[in-house]
Novice: 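Could you have a look at this structure, given as structure tokens, before my questions?
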2 protein chains.
Amino acid sequence: MSIFGGKWKPIILNCIGESSLRFGKLNQLMPAISNKVLSNELKELETLGLIERKEFKESPQRVEYSLSDSGKSLMPVLHEIASWGNSNQAKKIVTEMVK
Amino acid sequence: MSIFGGKWKPIILNCIGESSLRFGKLNQLMPAISNKVLSNELKELETLGLIERKEFKESPQRVEYSLSDSGKSLMPVLHEIASWGNSNQAKKIVTEMVK
DNA sequence: AATACCGGTAACCTGTAGGTTACTACAAAT
DNA sequence: ATTTGTAGTAACCTACAGGTTACCGGTATT
């Protein structure tokens with residue numbers, strides 16, 4: 001869990017999914033994340049080998065992020081977690097927490 | 001993940017599993033966790049409804065912790081995570097991290 | 001030459017998860 | 001009376017994940 005844990009990594013991975021997204025697009029999909037934090041997380045995810053960064057020699061500059069094979073292999077796990085999160089058991093907990 | 005995340009919660013849940021363990025036994029199974037932290041985590045897990053605490057009116061005092069139904073429903077998810085952690089994909093990442 | 005677009009970086013700040021160490025409350029056994 | 005076993009609590013500390021705000025560097029358009 002120290003690999004894909006933290007506040008943003010699972011969300012970012014989920015946003016990327018099967019697609020290939022630009023920095024700006026990610027920022028737009030997650031308005032609550034700041035430039036700096038997004039940049040950091042993407043760097044870490046790349047270092048961990050969960051995502052791949054492709055820089056296109058265009059203008060204005062363009063960078064796209066996509067899941068690596070390791071990243072893809074993680075998706076079923078994230079889905080399991082998400083579906084537990086949507087289960088009744090988990091929802092009870094969350095509604096208790098909010099009170 | 002904010003429910004079962006953190007450094008110790010998944011480990012504690014896994015230690016308890018199907019059994020019913022005393023405070024001291026848990027401490028012994030996880031020598032690296034301090035009394036205070038273990039105590040905190042158990043309280044949180046109980047508040048979250050993932051474990052149940054049973055106090056026996058004996059002497060010396062005796063308290064046993066076991067998984068609640070919610071806790072049990074979480075185990076398959078933890079196992080998924082663990083088995084991803086043992087996959088080749090994840091192991092590569094870990095060996096890179098150690099370097 | 002100024003402005004806009006894009007993908008960031010620099011400098012700085014803060015709350016809190018997790019840790020250390022020592023102490024406590026209760027009952028039973030010696 | 002004092003020691004033992006058990007399950008904690010009190011007081012304190014600290015590193016770091018995550019956040020804010022402002023700025024940078026290259027290119028193309030106006």
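Below, read A as the first sequence line, B as the second, and so on, with proteins coming before strands; counting in each chain starts at 1. Atoms considered below: every heavy atom in the structure, side chains included; atoms not considered: hydrogens, waters and symmetry mates.
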Novice: Ignoring backbone atoms, establish whether A:Arg53 has a side-chain N or O less than 4.0 Å from OP1 or OP2 of C:dG8.
Specialist: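 For C:dG8, OP1/OP2 do have a side-chain N/O of A:Arg53 under 4.0 Å.
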
Novice: Less than 3.5 Å apart, any donor N or O on the side chain of B:Ser73 or A:Gln89 sitting next to an acceptor on the other?
Specialist: no

Novice: Taking only the side-chain heavy atoms of B:Val63 (C-beta and beyond), determine which of C:dT20, C:dT9, D:dG8 contains the nearest atom.
Specialist: D:dG8

Novice: Less than 4.0 angstrom between a side-chain N/O of B:Arg22 and OP1 or OP2 of D:dA7, yes or no?
Specialist: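 B:Arg22 to D:dA7 OP1/OP2: side-chain N or O found under 4.0 Å.
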
Novice: What does B:Lys43 touch in the nucleic acid at a heavy-atom separation under 4.0 angstrom: a base, only the sugar-phosphate, or nothing?
Specialist: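 The residue B:Lys43 makes sugar-phosphate contact but no base contact.
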
Novice: Would you indicate which nucleotide in D:dA7, C:dG18, C:dT9 comes nearest to any side-chain atom of B:Glu41?
Specialist: C:dG18

Novice: Do A:Lys36 and D:dG19 share a donor-acceptor pair, side chain to base, under 3.5 Å?
Specialist: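 Pair found.
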
Novice: Angle between ring planes, B:Trp84 versus A:Phe4, binned at 30° and 60°: parallel, tilted or perpendicular?
Specialist: perpendicular

Novice: Base, sugar-phosphate alone, or nothing: which one does A:Phe56 contact when heavy atoms must sit under 4.0 Å apart?
Specialist: nothing

Novice: B:Lys7 has a side chain; which of C:dA25, C:dG18, C:dG8 sits nearest to it?
Specialist: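 Of C:dA25, C:dG18, C:dG8, C:dG18 is nearest to the side chain of B:Lys7.
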
Novice: How do A:Leu42 and A:Pro60 order along DNA chain C: which one's closest nucleotide is nearer the 5' end?
Specialist: A:Pro60

Novice: Within this structure, what is the CD-to-P distance between A:Gln61 and C:dC6, rounded to whole angstrom?
Specialist: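 Distance check: A:Gln61 CD to C:dC6 P gives 10 Å.
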
Novice: Could you check whether A:Lys9 gets within reach of a base, just the sugar-phosphate, or nothing at all, counting any heavy atom under 4.0 Å?
Specialist: nothing

Novice: Please check if the side chain of A:Ser66 supplies one atom and the backbone of A:Ser19 the other of a donor-acceptor pair under 3.5 Å.
Specialist: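 No.
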
Novice: Nearest to the side chain of A:Asn35, which nucleotide is it out of C:dG8, C:dA28, D:dT20?
Specialist: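 Side chain of A:Asn35 sits closest to C:dG8.
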
Novice: OP1 or OP2 of C:dA17 less than 4.0 angstrom from a side-chain nitrogen or oxygen of B:Trp8, does that happen here?
Specialist: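 Result: no.
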
Novice: Indicate whether OP1 or OP2 belonging to D:dT20 is found under 4.0 Å from a side-chain N or O atom of A:Ser34.
Specialist: no

Novice: When you measure from the side chain of A:Ser59 to the backbone N and O of A:Gln61, does any donor-acceptor pair fall under 3.5 Å?
Specialist: no

Novice: Tell me if a side-chain donor or acceptor on B:Ser70 pairs with a main-chain N or O of B:Leu50 at a distance below 3.5 Å.
Specialist: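 No; zero donor-acceptor contacts below 3.5 Å.
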
